[in-house]
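Only one structure is covered here, and it is reproduced in the block below.
Both counts, for ligands and for their atoms, begin at 1 and track the order of listing. In what follows, every heavy atom counts, from backbone to side chain, and hydrogens, waters and symmetry copies are set aside.
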Amino acid sequence: MEFGWTPKQNEYRQRVRTALDELLPDNWDEFYVKRSYASDEAMEFSRWFCAELAKRGLLVPHWPTEYGGNAGEDWEHFILGEEMKAAGEPRGGQYMNINWIGPVLMKYGTEEQKREHLGGIASGKVIWCQGFSEPNAGTDLAALKTKAERRDDHYIVNGGKIWTSYARKADWCILLVRTGSERKDITVLLVPMNSPGIRVASYSGLVKDGHLNEVFFEDVRVPVSARVGEENRGWEIITHALSYERVGVPRYHVGLEALDMMVEKLQSEGRWDDAVIQTLAGELVAKFEAARLLTYRVVDQRVKRQPPNTDANLSRICSLEAVQDLMDFIAQFAPDALAGGHLLLDDYYRINTPAGITGGTNEIQLDLVAQRGLGLPRK
Ligand SMILES: Cc1cc2nc3c(=O)[nH]c(=O)nc-3n(C[C@H](O)[C@H](O)[C@H](O)COP(=O)(O)OP(=O)(O)OC[C@H]3O[C@@H](n4cnc5c(N)ncnc54)[C@H](O)[C@@H]3O)c2cc1C
């Protein structure tokens with residue numbers, strides 16, 4: 001593995017930074033901090049911003065040209081992700097479209113579905129949400145109860161989803177439904193969010209606005225042509241989707257920026273010359289750098305078309321542990337930052353509070369490493 005960036009990759013990163021400089025409004029930090037990237041305002045902004053990125057060939061660089069990409073290498077996608085995350089994710093929820101919804105449709109979608117959806121995603125104007133979790137089906141996703149009953153050429157969907165980020169502004173939902181009596185009889189449907197019978201109810205919490213939504217389905221009619229893959233075979237598709245999500249968010253990048261802010265704050269308060277604080281900060285840098293290298297290893301494997309393995313789980317565990325330790329560091333040495341004293345650190349803390357939960361918890365990642373990576377027995 002080569003640890004340095006090539007001149008072409010550096011040039012690409014510079015292009016992304018220039019686009020960010022040109023496209024983000026002067027009040028971006030204030031706009032973003034006050035609302036969060038999942039808020040209604042940020043989501044609407046993302047429609048304009050992503051469309052502009054698309055015009056510059058910077059939205060889906062790694063996608064094949066037939067679907068609106070530049071057939072660039074996966075590294076470009078990761079450089080893009082690092083820069084966007086560091087800038088506060090101005091793509092809003094559209095990072096999901098690019099990271100895994102589009103790729104899932106490329107692999108499992110029908111020609112008609114590809115035609116209908118991939119162009120929209122690559123143009124940056126369409127917002128999707130992910131309707132997987134239910135009140136009693138989070139980690140144990142196969143316990144989901146939202147049901148789709150087949151009637152001729154359509155399904156009738158009834159049930160409810162929870163934690164559906166971006167649902168209020170989304171145009172489409174990639175929805176998991178139960179279609180049979182066996183535990184894994186799960187099917188994937190593509191559902192327009194303006195379908196009659198869908199209702200979104202939001203609630204508030206520590207995580208900033210826009211993530212906390214419930215979505216209710218009452219006799220929602222979905223054509224069979226909106227099904228991805230075969231009926232009752234959605235589990236394979238979900239597994240594929242989640243493998244993309246694990247290393248999709250470069251948390252080390254923004255973690256190191258937040259750590260820099262902490263150091264600056266401690267220096268300005270004359271508290272930096274404390275050996276305990278310096279040791280903890282040094283350990284955090286080491287942890288984030290280890291997470292970065294593990295993530296790069298997974299990307300390198302993808303670029304070389306090697307089969308997925310538990311390195312992706314390890315990379316996620318390492319990233320999330322570093323994030324958790326940084327949050328503890330902030331809470332211990334700068335509690336005032338979380339009480340209105342430092343908006344960006346407060347934002348980091350709130351946004352990352354659920355980081356160890358969304359997309360699969362660390363306990364589950366460790367289970368997967370134990371069983372699939374180390375070959376340990378289940379019991
Ligand atoms: C901010 C936020 C945004 C989200 N956005 C979305 C979204 O857009 N779409 C969506 O579908 N979902 C979303 N989620 C839901 C997320 O995927 C779930 O919260 C997650 O899967 C965990 O499920 P749960 O909350 O039901 O917790 P539980 O499954 O009840 O888990 C609780 C705890 O028990 C542990 N645990 C559970 N089972 C085991 C086991 N077998 N072995 C060891 N430990 C176990 C878990 O690791 C965890 O620590 C979001 C969640 C949050 C917080």
Side-chain angles (χ1 to χ4, degrees), residues 35-39 42-43 46 89 91-101 104 127-146 157 159-178 183 186 188-191 193 198 200-217 234-235 237-239 241-246 248-249 251 313 316-317 320-321 323-324 327 347-372 376-379:
R35 294 169 172 86
S36 107
Y37 67 85
S39 67
M43 292 303 293
S46 92
E89 197 49 276
R91 297 173 301 178
Q94 290 195 56
Y95 73 89
M96 286 196 320
N97 305 1
I98 299 151
N99 286 1
W100 65 266
I101 298 176
V104 158
I127 294 175
W128 285 73
C129 62
Q130 168 191 325
F132 289 9
S133 305
E134 295 182 9
N136 291 311
T139 301
D140 187 12
L141 197 52
L144 65 87
K145 289 199 168 71
T146 296
V157 179
K161 297 287 170 181
I162 195 167
W163 302 110
T164 321
S165 305
Y166 326 115
R168 280 199 308 250
K169 283 285 163 184
D171 306 296
W172 287 87
C173 178
I174 181 160
L175 182 70
L176 293 189
V177 288
R178 173 157 302 289
R183 194 171 138 77
I186 288 171
V188 179
L189 298 177
L190 307 174
V191 183
M193 285 298 285
I198 294 187
V200 179
S202 306
Y203 49 102
S204 58
L206 178 66
V207 189
K208 285 192 165 182
D209 193 29
H211 282 292
L212 307 180
N213 306 298
E214 284 190 80
V215 184
F216 299 99
F217 298 81
W235 197 252
I237 301 174
I238 308 161
T239 312
L242 292 179
S243 77
Y244 273 93
E245 208 177 355
R246 264 173 214 133
V249 182
R251 296 181 193 279
N313 306 89
R316 183 171 158 85
I317 292 164
L320 292 178
E321 286 192 351
V323 168
Q324 190 58 56
M327 285 170 47
D347 192 49
Y348 180 82
Y349 195 92
R350 283 170 184 261
I351 285 193
N352 284 287
T353 300
I357 301 172
T358 51
T361 66
N362 256 10
E363 288 84 357
I364 299 308
Q365 304 300 323
L366 286 167
D367 256 2
L368 293 171
V369 173
Q371 287 166 32
R372 295 183 194 164
L376 297 180
R378 270 186 80 84
K379 288 187 181 165

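- Within the 4.0 Å cut-off (strictly below), no protein heavy atom is located near atom 33 (C) of ligand 1.
- In this structure, of I357, D140, T139, N352, the residue bringing a heavy atom nearest to atom 19 (O) of ligand 1 is I357.
- Considering both main-chain and side-chain atoms, H211 never comes within under 3.5 Å of ligand 1 through any nitrogen or oxygen pair.
- Atom 53 (C) of ligand 1 lies below 4.0 Å from at least one non-hydrogen atom of the protein.
- Taking a cut-off of under 4.0 Å to the non-hydrogen atoms of E363, the atoms of ligand 1 that pass are 43 (C), 44 (N), 46 (C), 47 (O), 49 (O).
- Using a 4.5 Å cut-off on side-chain heavy atoms (C-beta onward), K161 and L144 make contact.
- At the shortest separation from atom 21 (O) of ligand 1 among protein heavy atoms lies G138 C, 3.5 Å.
- When the heavy atoms of W163, W128, F132 are ranked by distance to atom 13 (C) of ligand 1, first place goes to W163.
- The closest side-chain heavy-atom distance from S46 to I127 is below 4.5 Å.
- Residues R183 and D140 form a side-chain contact, since some pair of their non-hydrogen atoms from C-beta on lies under 4.5 Å apart.
- The side-chain heavy atoms of M193 and W128, taken from C-beta on, include no pair separated by under 4.5 Å.
- Considering only heavy atoms from C-beta on, I198 comes within 4.5 Å of F217 through its side chain.
- For atom 30 (O) of ligand 1, the nearest protein heavy atom lies 4.0 Å or farther away.
- Within the 4.5 Å cutoff, the side chain of T146 has no heavy atoms near those of the L176 side chain.
- Close approach of ligand 1 to Q130 is summarised as follows: ligand atoms under 4.0 Å from at least one heavy atom of the residue are 7 (C), 8 (O), 9 (N), 10 (C), 11 (O).
- For ligand 1, the polar-atom distance check against T361 finds a nitrogen or oxygen pair separated by under 3.5 Å.
- Atom 17 (O) of ligand 1 has its closest protein heavy atom at S133 OG, 3.4 Å.
- Regarding atom 51 (C) of ligand 1, its nearest protein heavy-atom neighbour is T358 CG2, 3.4 Å.
- Of the heavy atoms in N362, none comes closer than 4.0 Å to ligand 1.
- Under the 4.5 Å side-chain criterion, counting only non-hydrogen atoms from C-beta, I186 is in contact with R178.
- The protein non-hydrogen atom at the shortest distance from atom 8 (O) of ligand 1 is S165 N, 3.1 Å.
- By the 4.5 Å heavy-atom criterion applied to side chains, W172 and N97 are not counted as neighbours.
- Relative ring orientation between Y95 and Y37 is described as perpendicular, the plane-to-plane angle rising above 60° on a 0-90° scale split at 30° and 60°.
- Regarding atom 40 (C) of ligand 1, its nearest protein heavy-atom neighbour is I364 CD1, 3.7 Å.
- Taken from OG in S202 to CG in N213, the straight-line distance is 4.0 Å, to the nearest 0.5 Å.
- Every atom of ligand 1 is numbered from 1 in the order shown, and the set under 4.0 Å from a heavy atom of P354 is 1 (C), 53 (C).
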